[in-house]
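Quick one: the structure is below, questions incoming.
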Amino acid sequence: SSNGSATWALASVATSSCLSRSELVGSMRLTIHHETHYEYSAALKYALQQLCLTPQASAHQTVVDWTLRAPGRLYAQRDGYGNLAHSWTLARQASGKSVYRGSVQADGQVLTHGEPWLVDDAQAPPPVVYLRTTALTAPDACLTALGREHLGQGGAAVAQPGESVLLRLAAAVRERVRYRSGVTDVGTSAAQALALGVGVCQDHAHVFIAACRAAGLPARYVSGYFH
């Protein structure tokens, strides 16, 4: 977030990754370069930003090395969901020099392991937290019907759905929301995307999450790199 005389900001993200097979069966080494570049229409007076750009080591991946750079000093902390986040601030320079642009960069290598199931850390929030709706995943009648069609209306079957059940729901989401860029944006809700019948990966995730939650199955949004 920022305030002052800047009336708008353009943020562009460039990401590249190189993949190589590891000597370990079922593993893959990802070499990642991520850069978000900001340009402001007027001199920046103050900026505060929190970054979730640092992967965490787990049974599913090994962080070989990772570097994060920002225009200001980085302060690490765990957010309420267990993510390793960093915050930084930038104020008007004492010298009076105006700031119109900046960038955030992340580089490193991560070794992924062939494990389809994600196991949360023991200190992570309980699954029931992910039954709460958000502005982008609030269910309507269509989302509720989609979730109940594939997951039922709660109970043991929903608490421990098989992989095939979840894959069928994912396939149904893909069928109902055809991939098309340029129609939706970051503010498009799951209900809107399902009604439009088109969207991108973010919309697929929101629709899937909303359908799961409507049927009583905790679900959450995860972002990252995959192949």
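When reading the values below, keep in mind they use all heavy atoms of this one structure, side chains included, and skip hydrogens, waters and symmetry mates. None of the values given here were measured: they were computed from a predicted structure.
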Exercise. If you take all heavy atoms of Trp66 and Pro55, which pair is closest and at what distance?
Worked result: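 Of all heavy-atom pairs spanning Trp66 and Pro55, the closest is CE2-CD, 3.4 Å.
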Exercise. Any idea which heavy atoms bring Ala193 and Thr188 closest together, and the distance?
Worked result: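 Heavy atoms of Ala193 and Thr188 come nearest at N-CG2, 3.9 Å.
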For this session: Taking the side chain as every heavy atom from C-beta outward, state whether Tyr130 and Ile209 have any atom pair closer than 4.5 Å.
Result: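 They are not in contact (no side-chain heavy atoms under 4.5 Å apart), so the answer is no.
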Exercise. Should Leu51 and Leu74 be marked as a side-chain contact (heavy atoms from CB on, under 4.5 Å) after you check the CA-CA gap, both sets of side-chain angles, and the distance that decides it?
Worked result: CA-CA 9 Å; Leu51 307 172; Leu74 290 165; 4.1 Å; yes
Problem set entry | Minimum heavy-atom distance between Gly80 and Pro125, given as atom pair plus value |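 What the structure gives for the nearest pair is O-CG, 3.3 Å.
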Problem set entry | CZ/Arg69: more than 12 non-hydrogen atoms of other groups inside 6.0 Å | yes
Problem set entry | Short side-chain to backbone donor-acceptor contact, His204 and Val177, under 3.5 Å | yes
Problem set entry | Approximate separation, where rounding is to 0.5 Å, of Cys201 SG and Arg174 CZ | 11.5 Å
For this session: State, yes or no, whether a side-chain contact exists between Val186 and Gln202 at a heavy-atom distance under 4.5 Å.
Result: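 Counting from C-beta outward, Val186 and Gln202 do come under 4.5 Å.
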Problem set entry | Minimum heavy-atom distance between Thr89 and Leu48, given as atom pair plus value |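 So the minimum-distance heavy-atom pair works out to CG2-CD1, 3.3 Å.
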Exercise. Is there a donor-acceptor contact under 3.5 Å from the side chain of Gln56 to the main chain of Gly82?
Worked result: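 It does hold such a pair.
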Exercise. Can you tell me if Gln105 uses its side chain to pair, donor with acceptor, with the backbone of His33 under 3.5 Å?
Worked result: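 Here the side-chain-to-backbone pair does not exist.
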Exercise. What is the distance from atom CZ of Phe208 to atom CG of Leu146, rounded to the nearest 0.5 Å?
Worked result: 9.5 Å
Problem set entry | Donor-acceptor pair, side chain of Thr36 and main chain of Val104, under 3.5 angstrom |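 Absent.
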Problem set entry | Side-chain donor-acceptor pair present, Thr62, His113, cut-off under 3.5 Å |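 There is such a pair between these side chains.
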For this session: Check the pair Met28 / Leu30 against side-chain contact (heavy atoms from CB on, under 4.5 Å), numbers first and verdict last.
Result: CA-CA 6 Å; Met28 183 175 289; Leu30 282 72; 4.1 Å; yes
Exercise. Can you tell me how far the CZ atom of Arg29 sits from the CD atom of Gln61, to the nearest 0.5 Å?
Worked result: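 Going from CZ on Arg29 over to CD on Gln61, the span is 13.0 Å.
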For this session: Could you tell me the separation between the NE2 atom of His150 and the CG atom of Leu167, rounded to the nearest 0.5 Å?
Result: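 With rounding to 0.5 Å, NE2 (His150) is 12.0 Å from CG (Leu167).
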For this session: Step through the shown structure and confirm whether more than 12 heavy atoms of other residues, nucleotides or ligands are within 6.0 Å of OH on Tyr221.
Result: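 Yes - once you tally the heavy atoms of other residues, nucleotides and ligands closer than 6.0 Å, there are more than 12.
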Problem set entry | Arg78 atom CZ, neighbour heavy-atom count above 12 within 6.0 Å |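 More than 12 within 6.0 Å, yes.
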For this session: Check Cys212 against Leu169 and note the closest heavy-atom contact, atom names and distance.
Result: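 That would be SG-CD2, 3.7 Å.
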For this session: Could you pull out the closest heavy-atom pair between Leu143 and Asp140, with the gap in Å?
Result: N-OD1, 2.9 Å
For this session: Would you check if there is a donor-acceptor pair between the side chains of His37 and Glu39 at a distance under 3.5 Å?
Result: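 Yes, side-chain donor-acceptor contact under 3.5 Å.
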Problem set entry | Inter-residue atom distance Leu53.CG - Glu35.CD, 0.5 Å rounding |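 Here the rounded value is 11.5 Å.
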For this session: Report yes or no: do Leu136 and Leu194 belong to one cluster of Ile/Leu/Val/Met/Phe/Trp/Tyr joined by side chain heavy-atom distances under 4.5 Å?
Result: no
Seminar exercise, completed: Between the CG atom in Leu217 and the CG atom in Leu166, the distance rounded to the nearest 0.5 Å is 6.5 Å
Exercise. Which of these passes side chain to side chain donor-acceptor pair (under 3.5 Å) with Thr137: His206, Arg213, Arg220?
Worked result: Arg213
Exercise. If two hydrophobic side chains count as joined below 4.5 Å and joins carry through other members, does Val207 share a cluster with Leu131?
Worked result: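 No; tracing contacts between hydrophobic side chains, which count when under 4.5 Å, never links both residues.
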